[in-house]
**Q** 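Can you read through this structure? Questions will come right after.
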4 protein chains.
Amino acid sequence: MAPRHDIAHLAHVQLLTPRLDDSVRFFTDFLGLRVVGAEGNQVYLHAWDDYQHHTLTLRGHRHAGIARTHLRTASPESLTRRVAAIEAAGHGRGWVDGEPGFGPTYVFTDPDGHEFGLYYEAEWFESGDAFRPALKNQAAAYPNTGVPARRLDHVNFLGKTPVDNRDFMVEALGAMTTEQILLDDGTVGAAWTTFTNKSYDIVYTRDNLGHSGRLHHIAFAADSRHDILRACDVALDLGVFIETGPHKHAIQQTFFLYLYEPGGNRIELCNAGARLVLAPDWKRVDWSEAERAKGQAWGLRTIESFHTHGTPTAEELASLGQEDGNQD
Amino acid sequence: MAPRHDIAHLAHVQLLTPRLDDSVRFFTDFLGLRVVGAEGNQVYLHAWDDYQHHTLTLRGHRHAGIARTHLRTASPESLTRRVAAIEAAGHGRGWVDGEPGFGPTYVFTDPDGHEFGLYYEAEWFESGDAFRPALKNQAAAYPNTGVPARRLDHVNFLGKTPVDNRDFMVEALGAMTTEQILLDDGTVGAAWTTFTNKSYDIVYTRDNLGHSGRLHHIAFAADSRHDILRACDVALDLGVFIETGPHKHAIQQTFFLYLYEPGGNRIELCNAGARLVLAPDWKRVDWSEAERAKGQAWGLRTIESFHTHGTPTAEELASLGQEDGNQD
Amino acid sequence: MAPRHDIAHLAHVQLLTPRLDDSVRFFTDFLGLRVVGAEGNQVYLHAWDDYQHHTLTLRGHRHAGIARTHLRTASPESLTRRVAAIEAAGHGRGWVDGEPGFGPTYVFTDPDGHEFGLYYEAEWFESGDAFRPALKNQAAAYPNTGVPARRLDHVNFLGKTPVDNRDFMVEALGAMTTEQILLDDGTVGAAWTTFTNKSYDIVYTRDNLGHSGRLHHIAFAADSRHDILRACDVALDLGVFIETGPHKHAIQQTFFLYLYEPGGNRIELCNAGARLVLAPDWKRVDWSEAERAKGQAWGLRTIESFHTHGTPTAEELASLGQEDGNQD
Amino acid sequence: MAPRHDIAHLAHVQLLTPRLDDSVRFFTDFLGLRVVGAEGNQVYLHAWDDYQHHTLTLRGHRHAGIARTHLRTASPESLTRRVAAIEAAGHGRGWVDGEPGFGPTYVFTDPDGHEFGLYYEAEWFESGDAFRPALKNQAAAYPNTGVPARRLDHVNFLGKTPVDNRDFMVEALGAMTTEQILLDDGTVGAAWTTFTNKSYDIVYTRDNLGHSGRLHHIAFAADSRHDILRACDVALDLGVFIETGPHKHAIQQTFFLYLYEPGGNRIELCNAGARLVLAPDWKRVDWSEAERAKGQAWGLRTIESFHTHGTPTAEELASLGQEDGNQD
């Protein structure tokens, strides 16, 4: 099993959207991210607390979904160690240039086929005059528009066999599983894993439509539950689609709001900041189907679309003649 | 003494500023008001919960300060009754056309010389497409910029003799005094009066510099204490000057933040919404100097400028060769 | 039509419960009210911002429901005027002694049969040492237990014909209707009326089970939306039943949480404080069935029990052999 | 230099108080901690999110101050490594039995003489029926009394030479310095160090009175800024002394409230949860005297007592005939 702490944190993701301009508007106007660069059909966005160049890459594409998810290692040596482990596990793809602001990146996939990138070298974000903060211990000025989101918080992947992906995260990358859903048939319905003191960074959820490689959601951290309530008011008048929430999950106790960005990807606003997993020997919490049947923490019933909607959507996959959501 | 309820509520104010463009930017970018009209050196601004055309008129002027404060009556008959009482008290000036959106307005002054306007007829705000709200029981869309302020909340006037102005509000207009500062020499240092279930609408504070007609501050209501904390973060990175706060006043228990807009006028963000005065026979609360010496509710010391800064400023008055702050 | 402002505000209610001790515990431990007296099977409870003796009377009874709802008039003359109007409308019952702390009370019913009491004379609350507040402009010390609720906010009555009850409130008592549900058949499904600058005090909702005299809920005001979120966390670990919420109503834009107290009555925690109706000529907002079909403000579907549960419950009425919920 | 991550987190502290019963009441009634054990003159207290047996030991003593601060290592091997490093640095004292719930503990001091304990073995907290939580991923039921504090957040030690203590934390224990005050004479006025993704766990501040071994404050984490505002309201009516705040520090951007518990120790309530230090190569932020002169983030002036009050107090030290604050 990999040592913990070789992976420093979840860093940045590439999101696919068939409506690039509208998606950019969602992430800037509503979430308060800022465009810090663009090339070709890609736009790079920065959240105000990001110490690195960007946290989100939006890429115009035939369908919605997630492309590559990037993790930063704790050191050059950590990077070497993890690449060796990934290659030994047979999931490596090879080195590529990093995105703007990021150094050499090792590409690999999880067992379900979602693409990842691993890197250590990174430039620190320079705000310039446009976003210069008043306080020197802050990456960029606090936005006066939108939520605003502080940082990318986690990614929840749909996939065929969560337990395999969970084990890959633990064994090859050094993640720790903090909570999971243990179905009555003994299989794992979903697993929450972390590299940090956050209680989760990467989540795997069983794809009820049976596909591989799809995305359930990516989540951005808001500063407080109040900011998420305010986001609801803003969403209502901006015409942003709210799928469900605000409410509190029993699992991980995250205060959540689920939205769809115009490209169709589900985006969560979450407030998980107050809860930290500090125990080095954390005892994994397993939730049974009976426990899940109680609904969310304060009683909200989980709505049907939450169990089925993912990106690419079933419609997009059908139109593409594909069976899985890996980037075509 | 006037019957209560002839005055429906504090409605809109005219603020003078020597830096009109900067002041407009403060009220739109930071407070979240919207420009709904302009003519000559006047700009009209609307807060999202205002049912009327505007709540603030910014007028470019040689100095800062407040010009006319408008009160809406409960009915045409109320208007007739109040005009008669004001004229009987010798403070009437006569009828003028209302500002855009407002009907015939009767102009008068308080004993200290601050100008007021009284009217009944008013158009209801039409959001148009630009600010159309999602919910039909809301005047305009919730702004995605700034605090945002919900409405004008109160005006705090500086003046020579608060008790005379307090009595005029009570006797001629039907206000109720809810709290006051009773100095050791038996005089009234400040008085808070209300026309509504809000615990105050109009406040008179002794001018420690001895002038007449000056403004201590106008206040806008934020929806919650949290919104005021967030306003601090926004102010810091917008470069808005914070004089003092956030903290909670012992008097009226208002959660407050005091700022200077670029023209020099003190602006308060307050959260007084939760507290209502429902008792028809409210027992006025008198605060002694000893009680005031304890500082604000949670112990903050009142800073010196709070006792001296008003608009026009002493410097402005000196350069104008004037002794009082009434509009020249 | 009655002049507005003869009724000062909604004052105190009598709630029936078949589990008196458990109900007292709910209102003290969870809502933060304090027991300030008891006699026979009645317990009197005070909320920390109540200027009067109590805001809630809990009465042990064979079934749940609401007994008498009390309104305070603005003056002795107001009381005389309203009694005359009620008698003229044929709904008067006569004078009784007030509850402890309250003067002579005129009892009447609304057209649906819910009992009301009208009074002017009232003692002001004396905190004594036990609940003495630090600030003299506060009725009692801020509780260190439970939500805590600031005051009784509104009552929502179930009844056969909301429009008749609405009209009685307007014509006999001087209420103003601020919002209502206008069904496709032209009847009124529910109506929100107010005596104050709060946007509603008394609500009438059609009883879908066809009974008279039942209660939909009584509501207590929390200071902020955040306090309501915190109440959810507290409710979860105290074992308080959450029916639905937290979420925001489209109608009146109230942030809500619905709970059942142990006796079976539905209790709402609401945050309506920031929104005030200041316009003397408020334009009533009518909501159509199509608009209602959109769900609550942020999309939550209204759950079935919200349309059927009331007190006395259908089961209680059946066991009593009664058809309506008026106190037996 | 020590590898990072051998220390898992700050775990529990011993606080000395000359008024044990009053101090226990402060931490239970106001902070919402729970007494989970006592022996002799020691009382053990648990915060609702603590996975271990307790987070605070209150010990009756002749004077106020801090006794031993405990850190948990990430593994038995980490413990062995750190003990060797501490002994090599000449600061070791030897092994003792742990407090109830904690295994063998290695005692050492920092260069300034503050006592520390290092351990790995720990029992997990068992709530029993009294504090059983509704959600299985929570240590104990959410308290219905007080703030409530979620966990111990950090310790701020006063000492003669912050830089030496900072270096000891870094070199012997693997801490990372995230921010510091760099005085004009080139010395370090204060240093913030962390073992986790929290931006600080252990802080050293120069003792302006020139003593060794004193405590500036210990801090408990509240869930949100709102909870800290609410704590102010509770403190006011419980008679808890507020020294300064609520406000936001420029350094670390912590939203703070400083209180004195009845024994005289300064206690901070902080909300640092939203901010995480994820960068493995964090660039230390140095604050100059000129930058510090601007006051706190939103402009509050730092009050005098914040620069002088520590425990033991100067008066306590004088009465004891001591020059430093290490436990006598």
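A quick note: this is a predicted structure, and the numbers were derived from the prediction, not measured. The basis for the numbers below is simple: all heavy atoms, side chains too, and nothing from hydrogens, waters or symmetry mates. In the text below, chain A, chain B and the rest are named by the order of the sequence lines, each starting its count at 1.
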**Q** When heavy-atom pairs shorter than 4.5 Å are enumerated against chain A, which of C:G299, C:C232, C:S224 gives the highest number?
**A**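 Top option by heavy-atom pairs under 4.5 Å: C:C232.
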
**Q** Looking at C:R225 and A:R230, what are the two nearest heavy atoms and their distance?
**A**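 It is NH2-N, 3.9 Å.
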
**Q** Can you list the steps and then say if A:W298 with C:L229 is a side-chain contact (heavy atoms from CB on, under 4.5 Å)?
**A** CA-CA 10 Å; A:W298 302 326; C:L229 297 186; 4.2 Å; yes

**Q** Give, for atom CD1 of C:I303 and atom CZ of A:R301, the distance between the pair rounded to the nearest 0.5 Å.
**A**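 Between atom CD1 of C:I303 and atom CZ of A:R301 there are 9.0 Å.
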
**Q** Just do the side-chain contact (heavy atoms from CB on, under 4.5 Å) check on A:L300 and C:H247 with the steps written out, would you?
**A** CA-CA 11 Å; A:L300 183 71; C:H247 204 87; over 6 Å; no

